Amino acid sequence: VQLQASGGGLVQAGGSLRLSCATSGRTFSPYAMGWFRQAPGNEREFVAAIRWSTGTTYYADSMKGRFTVARDNAKNTVYLLMNSLKAEDTAVYYCAARRFAPAMSSDYDYWGQGTQVTVSS
């Protein structure tokens, strides 16, 4: 299973970005797909996740109301729409897949390569 994240870039504070994560490889039906981020000098942190079968979403408290996670089952793709971006959102964003519950976990099974998001203030 391969995960390919894309959509990162440079954006001004207050702007928006949409990240995409496409999955490929063998037939794949994860329990959940998640987004994580890691800023320089910081540990990787959970951002959001979505249950693949039901679409139930989960968010870190600091992202609620600004970030939206969604999936397109037909395209095997998960998205992270980020609005009202702040300088502190600057990080490498990773998508990941987890085979079993729970969705809110740092222990995901498959990881993409990451995409850089830089928010200028």
Side-chain angles (χ1 to χ4, degrees):
V1 176
Q2 292 83 43
L3 306 179
Q4 180 73 39
S6 62
L10 175 64
V11 63
Q12 290 187 333
S16 300
L17 276 177
R18 188 183 77 162
L19 306 183
S20 300
C21 177
T23 66
S24 62
R26 60 179 172 84
T27 301
F28 183 58
S29 182
Y31 177 83
M33 296 289 295
W35 287 97
F36 296 78
R37 70 184 187 185
Q38 187 168 21
N42 291 356
E43 294 186 353
R44 185 173 62 200
E45 64 174 333
F46 172 83
V47 174
I50 185 166
R51 281 189 58 184
W52 198 248
S53 60
T54 65
T56 304
T57 56
Y58 308 85
Y59 297 94
D61 288 343
S62 60
M63 285 69 164
K64 287 180 181 177
R66 296 193 301 126
F67 291 8
T68 301
V69 60
R71 92 274 196 236
D72 185 329
N73 297 58
K75 295 182 178 180
N76 288 334
T77 300
V78 64
Y79 304 97
L80 183 68
L81 176 60
M82 305 183 291
N83 294 320
S84 302
L85 284 163
K86 308 173 183 179
E88 50 264 42
D89 294 318
T90 295
V92 177
Y93 284 72
Y94 298 89
C95 63
R98 184 169 167 87
R99 293 178 294 171
F100 306 111
M104 291 193 73
S105 168
S106 61
D107 189 18
Y108 270 56
D109 301 294
Y110 305 99
W111 292 85
Q113 86 289 358
T115 184
Q116 176 71 46
V117 172
T118 303
V119 184
S120 62
S121 57

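What you are looking at is a predicted structure, and each value in this text was computed from that prediction instead of being measured. Atom set for the values below is all heavy atoms of this structure, side chains included, hydrogens, waters and symmetry mates excluded.
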How long is the straight-line distance from [atom2] of [Y] back to [atom1] of [X], given to the nearest 0.5 Å?
X	Y	atom1	atom2	value
Leu85	Ser121	CG	OG	12.5 Å
Thr77	Leu3	OG1	CG	10.5 Å
Met33	Cys21	CE	SG	4.0 Å

Just so I know, are the side chains of [X] and [Y] near enough to count as touching, which here means a heavy-atom distance under 4.5 Å?
X	Y	result
Thr68	Met82	no
Val69	Val78	yes
Asp107	Arg98	yes
Asn76	Arg71	no
Gln116	Tyr93	no

task = Determine whether the side chains of Ser16 and Asn83 contain a donor N or O and an acceptor N or O closer than 3.5 Å.
result = yes

request  = Identify the heavy atoms of Cys95 and Ala5 that sit nearest to each other, and give their distance.
outcome  =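 That would be SG-CB, 4.1 Å.
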
query = Quick check, are the ring centers of Phe46 and Phe36 under 6.0 angstrom apart?
reply = yes

Ring centres under 6.0 angstrom apart (Phe67, Trp35) =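 That pair fails the under 6.0 Å test.
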
